[in-house]
Undergrad: 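I'd like to ask you about the structure that follows.
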Amino acid sequence: MEVRRDPKSFLFFIILLLLINSPEPQQQSFTSRSRYDEIIVHEWNELEVVNRTRYGDFDASKDKWLNITGLKDEDGFAWDLLGPVQERVKDQARGLLGVTADAAFDGTLEDQQSVPVYRNVSGYVQGEWVRSPLGRVRHPSDMNLSAIVPDNPFPMVEYERNLTGTSGMIRLYITETDGRMRTDKNRSISEITVRMVIGDNNSIGGNWWELVLNGVHFPKFGGSLVTTTSDKFAGIFALPHFSLSQHLYSESQNFLNRTIHETIDRQEGRAYPTWNPWTSAPDGASEGMLANPHCEFVLFLQEHPIQYLVKQEQNPENRLPDMDWLEHELRYPTGSTLPRRSPLSLSMVGFSPDCGFVIESKGPPDYSHEFAHLVGSKTEEFNDRARHGIIAFAMTLSLQLILLVKQMKETATPSTRNRISFYTIAMLALGDGFAFLALIFMHLFLGTSQLALYTTAFLALFLGVFELRFLMDIWTVQATEQMRQDRQQASAATPSSPQQPSSTPTPPPTTQISDSLPPPVTAARPPPIASDQDDTAGTAPAPAGEQTQTVPGRAELGTLYSRYCLLLICIFFVTLQFTTVRFTVRSFYFNTLSFFYLSFWCPQIYRNIMRNCRKALRWDFVLGQSIVRLIPITYFYAVSDNVLFSRNDLSALMVLAGWVWVQILALASQELLGSRFFIREGWAPPAYDYHPVLREDEEGATMPIGSTQAPDDDSSPSSMSKAGESKGKGTKVFDCSICTQDVEVLVLPSGASSENAPGLGGMILQRRAYMVTPCRHIFHTPCLEGWMRYRLQCPNCREILPPL
Ligand SMILES: *[C@@H]1O[C@H](CO)[C@@H](O)[C@H](O)[C@H]1NC(C)=O
Ligand SMILES: *[C@@H]1O[C@H](CO)[C@@H](O)[C@H](O)[C@H]1NC(C)=O
Ligand SMILES: *[C@@H]1O[C@H](CO)[C@@H](O)[C@H](O)[C@H]1NC(C)=O
Ligand SMILES: *[C@@H]1O[C@H](CO)[C@@H](O)[C@H](O)[C@H]1NC(C)=O
Ligand SMILES: *[C@@H]1O[C@H](CO)[C@@H](O)[C@H](O)[C@H]1NC(C)=O
Ligand SMILES: *[C@@H]1O[C@H](CO)[C@@H](O)[C@H](O)[C@H]1NC(C)=O
Ligand SMILES: *[C@@H]1O[C@H](CO)[C@@H](O)[C@H](O)[C@H]1NC(C)=O
Ligand SMILES: *[C@@H]1O[C@H](CO)[C@@H](O)[C@H](O)[C@H]1NC(C)=O
Ligand SMILES: [Zn+2]
Ligand SMILES: [Zn+2]
C-alpha cells in the first residue's frame, strides 16, 4: 500500500501544531534572519527581471542569458534542450488538437471552437514514462555550482532524482486552487501545483521520488507548464521564458508577475520563515544547504480532448454537453445523468535542465495503444470512488460484527470459552484496531469523505472494543484454568497419590494420562467432590478458600490493554515508515505483514492440538471472518485504480488466499478427523482422548461401565464383523444416560494390536460417534458435547471432566 503523502508530512504537521501552540518564539538568530532577508531581496530582484524581460530575451542558441539563478551562462545548465523539447510539445499538441493547437498558442482561439477539455484539471493521472533520445547524460562536474554552494564539500556526488533507466512509473496529483486571486478575469490562465511520484526501473529495489512542481495551466486548450524551484534553479521566475509562443509568454508573465508578487508579500509577512514557497520537497520543508543536490524538472502537460462514448442513434444531432455544465455537475451534483466519457488523460514531455534527460509519457503514436499516456480521474470522480470504497469497507466491518456477536453468544459458557485461542481473537482485534487508526489518518491522505471515514472509523473502534471485551472473557476463563492446572501440578509433585507413569503410551488402554489431567481410571482416587453449588462449572471447582485468590486481577487486564495499544501503535508507525521506502522493500514489508495478519487461525489450530479439543469456533465465524478479512486485502492487491494507489500483485494475493485456505482446511480436518490427526504421537503433550479404541481385556478394567448386552459376534449386524475375521471382534451396546438410547460401539479383541487391526483407519470416524469419560461412562458424542457446553462434569457420577 502506498499512501499519498509522506509520513514525514504528518510529523511535520504535528510539529507545526506544536509550533503554533507554543508561546512566542525566541528571536531569530541574527545570521539566519539576515540570510532570510537576503533571500527575499534576491527574489524581488528576480521578479524585477520577470517584469522587465520580453519574449525571446532568453535563448541559449543565440547566447542570450538572463540574470536568474540557473539561467546564467556560467551555471552550466543544458538549455540547448529547451528548443527541441518545445518543438516536441508543439507536435504533440497538434497531434491531439489539430489546427486549433496553433490558434491556441497564438491566442486567436474563438470561443465557439473551444477545445473540449476540463477547465479544472484537479485530479490524478498515472502511467509510464520513457526516456527520449533528445536527452543526454550529464555529470555533476558539468554543472557550476560555485555561485550557489561556494565551498561545495562534495562536488562530484551524484544527484538525487537522477533518472538512469529507460522507463518507469509516473503519477501526477494535480491541484488547481480555487479563488479569484489565482486566475485572471477571463479564466484564460490559472495556477496549478503538481505533485509527482516518479519511479525508475533501473534503480536498485525500485527507488522512487516524490516532488512538487509549480506552474500555470491554460484552461482554454488544456496545456500546462510546471517546474521545480530550488536554490540552484529559480524555475518559477524563469517559467514565462519556457512558453511555447509570444501570446502564452505574455499571459504567463502578467499572471506570474502578480502571483509571485503576492507570494513574496506573504512570505515577508510570515512570523516563521518560509525559505522557499515553491519548494519541490513534498512536505513543504526547504532543502537544506547540506542536502544532496537533486535534478530539476520542467514538465509540459497537454490534456487530451474528451471523447463521449454515446451511441450514435441515441444522440442524432450530436448535441454534446457544455464543458462548464459538465464540470459544475461533477462538482455540485444535482442528479442529472452525466454522459459516459473518456477518463481524464494527459500527455507529458519533460526535461531536466541540469541532469540532461528528456522524458515522455508512453503512448500512441510512438507506442501501441496499450499505453495510453497518463490516465486517471478528476478529484470529484476519485472522491466518489473513495467514498464507495469506504462504504464497502464499513459493510465488511458490520458483517464482522454480526459474526462476532453470534460467536460470542455461542461461547457464553466458560467451558466453551476455554476452547478458543486467545491469540486468534487478539490478532483479529489487532487488525480492527489497525483499521481504526488507518481510517483516522486516511483523512490526511485522501483529504476527502471525512464523514464516511469517521463513521467507518467509529465502527472499527466499536468492533475493536467488542473484540477486546471478548478477549477479556476468554482471558479470565483461561487464566483461572491455568492457575488450576498449576496448582494441580504442584500438588501432584508431592507424592500423595499413586500415579501411573505416563511414559508408555503406545497401546493406550483408554487414554494417555498426564499430571494436568484427571487421574486414570485404574488409579485410586479420593471420592468425587459433590459440588452442586458450582455453576461456573467449566472451571474445576476449587476449595472455597482458594477461589477468591484465583480470580485474575484488574491490574493484569490493564497490562493486557496497554500491551494491545502499544503493539498497535508500534505496528502502525512502523508501517507508516515503510510507506516511503523503495518498491521492493515496501512490497516485501506489506506482504509479510499481511501474511502474519492472515495467519489468525494458526493459534486456534495450535490450541486445538495442545488441548486435543475441537469445535472451538462456529463454522460461519471461521468462513465469514476469513472471507470478510480477505476483501480489503484483495482490493489493494487486485484492483488497479484503488484509492491508495498500491501496486497490484496477483501472485502474492494468491499465496495469501491460499494460506488462509490451508488454515481453514486444517481446522476442518481437525473437526472431522480429530484435532491431532496430522501430528505424530508424542509431539503434543498427552491429553485425554474421549474417543479411545475400545478393546476387550480379561478384567474389563478399561471397558466402559454398564454394558447391557454383548451380542454374539456372528449375529452382529455390524459391517465390520464379516465371516472369517478373528474371533471376539464385534460390537457392544451400552446405554447413553443423557438420551437413554443405545450406544453401539465397536470393540477390538484383546489380542489385536492397533497396528495390525485391519479396519483401524476406517474406525477413526466410527470412534467419533461415542465418547468415553475418564470415569468410564460412555455417551453419544452429540449428547455429551451438548452437555459439556454447560458443565464439565460427568452426568452420571459428577466426576470432573477434562475440557473438550
Ligand atoms: C515592472 O515594470 C514597470 C515598468 O514596466 C514598473 O513601473 C514597475 O514598477 C515594475 N514592477 C516591479 C514589481 O518591479
Ligand atoms: C544579477 O542580479 C544580482 C542581484 O540579484 C546583481 O547583484 C547582479 O549585478 C546582476 N548581474 C547582472 C549581470 O545584471
Ligand atoms: C546520473 O546517472 C548517470 C548514470 O549513473 C551518471 O553517469 C551521471 O553522472 C548522473 N548525473 C548526475 C547529475 O548525477
Ligand atoms: C562558475 O561560476 C563562477 C561564478 O559563479 C564563474 O566565475 C566561473 O567562471 C564559472 N565557471 C565555469 C567553468 O563556467
Ligand atoms: C518498469 O516499471 C513498470 C511499472 O511502471 C512495470 O510495469 C514494468 O514491467 C517495468 N519494466 C521492467 C523492465 O522492469
Ligand atoms: C477544481 O476542482 C477541485 C475539486 O473539486 C476544487 O477543490 C478546486 O477548488 C477547483 N478549482 C477551481 C479553480 O475551480
Ligand atoms: C478578456 O477577454 C476580452 C475579450 O474576450 C479581452 O478584450 C480582454 O483583454 C481579456 N482580458 C484579459 C485580462 O485577458
Ligand atoms: C508587474 O506588476 C506590476 C505591479 O505589481 C506592474 O506595475 C507591472 O506593469 C507588471 N509588469 C508586467 C510586465 O505586467
Ligand atoms: Zn445420547
Ligand atoms: Zn462418570
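Keep in mind that this is a model prediction, so the values were computed, not measured.
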Undergrad: How would you list, by chain and number, every residue that makes a side-chain contact (heavy atoms from CB on, under 4.5 Å) with Ala638, sequence neighbours excluded?
TA: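 By the side-chain contact (heavy atoms from CB on, under 4.5 Å) rule, Ala638 matches Thr634, Leu650, Leu653.
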Undergrad: Kindly assign one of parallel, tilted or perpendicular to the pair Tyr367 and Phe371, based on the angle between their ring planes and the thresholds 30° and 60°.
TA: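 Perpendicular.
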Undergrad: If only side-chain N and O atoms count, and only distance matters, is there a donor-acceptor pair under 3.5 Å linking Gln400 with Arg629?
TA: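 Present: a donor and an acceptor within the cut-off.
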Undergrad: Mind checking what makes side-chain hydrogen bond (donor to acceptor under 3.5 Å, both in side chains) contact with Ser361, not counting sequence neighbours?
TA: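 Ser361 satisfies side-chain hydrogen bond (donor to acceptor under 3.5 Å, both in side chains) with His373 only.
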Undergrad: Are Tyr124 and Phe645, when compared by the centres of their aromatic rings, separated by less than 6.0 Å?
TA: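 Ring centres of Phe645 and Tyr124 closer than 6.0 Å.
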Undergrad: Looking only at the aromatic ring of each residue, does the gap between the centers of Phe578 and Phe590 stay below 6.0 angstrom?
TA: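 No.
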Undergrad: For the ring pair Phe242 and Tyr249, is the centre-to-centre distance below 6.0 Å?
TA: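 So the answer is no for these two rings.
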Undergrad: With sequence neighbours excluded, what pairs up with Thr227 under the side-chain contact (heavy atoms from CB on, under 4.5 Å) test?
TA: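 For Thr227, the residues satisfying side-chain contact (heavy atoms from CB on, under 4.5 Å) (neighbours in sequence not counted) are Phe233, Leu239, Val298.
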Undergrad: Compute whether any side-chain donor of one residue and acceptor of the other, for Arg195 and Thr175, lie under 3.5 angstrom apart.
TA: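 Absent: no donor and acceptor within the cut-off.
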Undergrad: Just checking, any donor-acceptor pair under 3.5 angstrom between side chains of Glu191 and His217?
TA: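 Looking only at side-chain atoms, His217 and Glu191 do not form any donor-acceptor pair under 3.5 Å.
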Undergrad: What about the rings of His241 and Trp79, do their centers lie closer together than 6.0 Å?
TA: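 No - the distance between ring centres of His241 and Trp79 does not fall below the 6.0 Å cut-off.
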Undergrad: For the residue pair Glu296 and Ser352, confirm or rule out a side-chain donor-acceptor distance under 3.5 Å.
TA: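 Note: Glu296 and Ser352 side chains miss the donor-acceptor criterion.
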Undergrad: When you compare the side chains of His304 and Ser342, does any donor N or O come within less than 3.5 Å of an acceptor on the partner?
TA: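 No, because no side-chain N or O of His304 sits under 3.5 Å from a partner of the opposite role on Ser342.
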Undergrad: Examine Phe436 together with Phe458 and report whether their ring centres are nearer than 6.0 Å.
TA: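 Ring centres of Phe458 and Phe436 not closer than 6.0 Å.
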Undergrad: Going by the rule salt bridge (Lys or Arg N to Asp or Glu O under 4.0 Å), which residues pair with Arg385 if we only count those two or more places apart in sequence or in a different chain?
TA: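 Testing Arg385 for salt bridge (Lys or Arg N to Asp or Glu O under 4.0 Å), a comparison that skips the adjacent residues, returns Asp641.
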Undergrad: Please identify each residue that fulfils side-chain contact (heavy atoms from CB on, under 4.5 Å) with Arg131, with sequence neighbours left out.
TA: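 Counting only residues at least two positions away or on another chain, Arg131 forms a side-chain contact (heavy atoms from CB on, under 4.5 Å) with Trp129, Leu163, Phe357.
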Undergrad: Name all residues meeting the salt bridge (Lys or Arg N to Asp or Glu O under 4.0 Å) criterion together with Lys378; count only those two or more places apart in sequence or in a different chain, and write none if there are none.
TA: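 Scan of Lys378 (salt bridge (Lys or Arg N to Asp or Glu O under 4.0 Å), adjacent residues dropped) gives Glu327, Glu380.
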